[in-house]
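These notes concern the structure reproduced below.
Starting from 1, each residue takes its place in the sequence as its number. When reading the values below, keep in mind they use all heavy atoms of this one structure, side chains included, and skip hydrogens, waters and symmetry mates. Just follow the structure's listing: the first ligand is 1, and inside any ligand the first atom is 1.
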Amino acid sequence: MTILVTGGAGFIGSSLLRQLAPFKERLVCVDKFTYAASQDNVPDNVELYMADLADEEAVRYLFEQETFTDIFHLAAESHVDNSIKDCKPFIEANVIGTVNLLQLALEKEVNRFMHISTDEVYGSIEDGGYFVETTSYDPKSPYSASKASSDHFVRAYGETYGIPYFITNCSNNYGQNQFPEKLIPLFINNIIHNKPLPVYGDGNYTRDWLYVKDHAIAIDLVFHRGRNKETYNIGGFNEWKNIDLVRLLCKKMDSKLGRPAGTSESLITYVKDRPGHDLRYAIDASKINKELGWKPSVTFEEGLEKTIDWYLANSDWLQHVTSGTYQEYYKNHYGS
Ligand SMILES: NC(=O)c1ccc[n+]([C@@H]2O[C@H](COP(=O)([O-])OP(=O)(O)OC[C@H]3O[C@@H](n4cnc5c(N)ncnc54)[C@H](O)[C@@H]3O)[C@@H](O)[C@H]2O)c1
């Protein structure tokens, strides 16, 4: 078996590669190597190709070099704030990239197309409600609109041409190797450097959080035991208001860095809200729990400890990914 993992040099893709690496399948990773990627994230026994999935010829070339039995599709532009500044890279990577890949998967008759998506496709939900697999799509940001579109194309290829597929929609991930632009790694990095912690609006936005390794385990389980053409929601049963999560993180960072209590909290600054900000995401992961027996293996406290410890022990990695390459890529794509 030769398995293709797209976006494997990014955060979740590299965690999935580490999950799959001990097994006997040959692993190939294709990645465009945007600012969010790092070659250091990819395990040694993985064959690496650098290509943009939005470039049909490049995708075709890859499928001429290799015969893939299965595909895990994670490559995407993934940061909501960037999609608000300019949605075109999101349409190219997330929509066109997915369709190019589906087309080659169809032509080459791959066995399974695993599409990794987000709970953000469902939009915002009131207190007490939960997203289930049949909840209507209601994306609010350009990022979630592009992911919703990619989900629709996967289902359309499945229904129209019969490609075997699975879709997973997961809540916010945290853990090692996440580029420090999203809340947890950004704030860890800022606390280390005594920089402000910008909290959107009043900080009352609510999200469900899952340790990235548990996401990778869930994807692997769906791959082996999921039912064809099914969607599985994946979540941590772990809702936090942003401000409460940030306070917990500050407390832990003070203790890890040996700073007086309250030092990190004093860095919190409330900033103008993100336009179209969804108030609450809450995912019901009981289908994967009941059908496949999956549940998170670590508590949030444990996962957060592991995450902080990883970033503190990997300051070289942090330094490397926040260096000039990122600044240059970002300027070229988003202007400032
Ligand atoms: N981070 C989360 O909390 C979360 C939650 C649920 C679902 N997801 C989904 O999981 C997937 C991975 O997310 P992530 O957080 O690891 O993102 P990431 O930004 O860390 O990694 C994305 C990877 O895709 C690559 N990539 C981007 N555009 C590409 C293109 N056109 N061609 C080839 N490679 C390209 C990047 O170089 C990067 O390595 C995404 O599809 C995302 O929508 C993320």
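- For H320 and S38, the side-chain atoms include no donor-acceptor pair closer than 3.5 Å.
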Show every donor-acceptor pair shorter than 3.5 Å between a side-chain atom in residues 14-25 and any protein atom, with sequence neighbours excluded, or say none if there are none.
residue: S14; atom: OG; partner: G10; partner atom: O; Å: 2.7
residue: S14; atom: OG; partner: F11; partner atom: O; Å: 3.0
residue: Q19; atom: NE2; partner: D220; partner atom: OD2; Å: 3.2

Throw together a table of side-chain donor-acceptor distances under 3.5 angstrom for residues 126-135, partners on residues two or more places apart or in other chains.
residue: E133; atom: OE2; partner: N233; partner atom: N; Å: 2.8
residue: T135; atom: OG1; partner: V132; partner atom: N; Å: 2.8
residue: T135; atom: OG1; partner: V132; partner atom: O; Å: 3.0

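- Protein residues having at least one heavy atom under 4.0 Å from any atom of ligand 1 are G7, A9, G10, F11, I12, D31, K32, F33, T34, A36, A37, A51, D52, L53, L74, A75, A76, S78, A93, I116, S117, T118, Y143, K147, C170, S171, N172, N173, listed by chain and number.
- Note on V59: it clusters hydrophobically with Y49, by side-chain heavy-atom contacts below 4.5 Å among ILVMFWY residues.
- Seen from the ring of Y165, R155 does not count as a face-on cation partner, given the 6.0 Å and 45° thresholds.
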In residues 252-261, what donor-acceptor pairs under 3.5 Å come from side-chain atoms, sequence neighbours left out?
residue: K252; atom: NZ; partner: E301; partner atom: OE1; Å: 2.9
residue: K252; atom: NZ; partner: E305; partner atom: OE2; Å: 2.9
residue: D254; atom: OD1; partner: S264; partner atom: N; Å: 3.1
residue: D254; atom: OD1; partner: S264; partner atom: OG; Å: 2.5
residue: D254; atom: OD2; partner: G262; partner atom: N; Å: 3.0
residue: D254; atom: OD2; partner: T263; partner atom: N; Å: 3.3
residue: K256; atom: NZ; partner: E305; partner atom: OE1; Å: 2.7
residue: K256; atom: NZ; partner: D309; partner atom: OD1; Å: 2.9
residue: R259; atom: NH1; partner: I191; partner atom: O; Å: 2.8
residue: R259; atom: NH2; partner: I192; partner atom: O; Å: 3.2

